[in-house]
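Take a look at the structure below.
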Amino acid sequence: MYDDRTNLAQQVTETLREYFREILFRTVIPRNVRLAEAPSHGKPVALYDPRSRGAEAYFELAAEFLARNHMESPRGAGRKAPVDDHPKGKIAFWPYS
């Protein structure tokens, strides 16, 4: 849960990027009220409010994870044609990216 308005968050991010470089995911999960509300409604944010900034960030993180590991979402396979511009083969991204 990242809040870029704080100096501490910015400093920690800079340190992480210096230390981990290319293995650090680029996707950032922002602080978001909908993320906090979802559990009190007994739902994951992907069902509670899939278009919220927080939910979309998690979808983006999942897509980045799948792409980095040369994987395809089982549900996404039927929804979108694979993107074949990756040197190691075809990658299908999460349907929301």
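Computed from a prediction, not measured in an experiment: that's the story for all the values here.
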(request) With sequence neighbours excluded, give me every ring pair (Phe, Tyr, Trp, His ring centres under 6.0 Å) pair touching residues 22-54. (result) His41-Tyr48
(request) Starting at CZ of Arg53, measure out to CD1 of Ile29 and round the result to the nearest 0.5 Å. (result) 10.5 Å
(request) Only counting residues at least two apart or in another chain, list the ones meeting side-chain hydrogen bond (donor to acceptor under 3.5 Å, both in side chains) with Arg5. (result) Asp3
(request) Check salt bridge (charged side-chain N to carboxylate O under 4.0 Å, His left out) between Arg34 and all other residues, then give those that pass, not counting sequence neighbours. (result) Glu37, Asp49
With sequence neighbours left out, what residues match [X] under side-chain contact (heavy atoms from CB on, under 4.5 Å)?
X     : value
Pro39 : none
Ala46 : Phe59
Asn69 : Phe65, Met71

[X] and [Y]: which non-hydrogen atoms are nearest, and at how many Å?
X     : Y     : value
Glu64 : Arg26 : OE2-N, 2.7 Å
Pro44 : Ala38 : C-CB, 4.1 Å
Ala55 : Pro50 : CB-O, 3.6 Å

(message) Which residues end up grouped with Ile23 if you chain together Ile, Leu, Val, Met, Phe, Trp and Tyr wherever their side-chain heavy atoms are less than 4.5 Å apart?
(response) Leu8, Val12, Leu16, Tyr19, Phe20, Leu24
(message) Under 4.5 Å between side-chain heavy atoms, counting indirect links through other Ile/Leu/Val/Met/Phe/Trp/Tyr residues: same cluster for Tyr58 and Tyr2 or not?
(response) no
(message) Tell me which pairs pass salt bridge (charged side-chain N to carboxylate O under 4.0 Å, His left out) where either residue lies in residues 10-19, with sequence neighbours left out.
(response) none
(request) May I have the step-by-step check of side-chain contact (heavy atoms from CB on, under 4.5 Å) for Val28 and Asp4, ending in yes or no? (result) CA-CA 10 Å; Val28 174; Asp4 66 348; over 6 Å; no
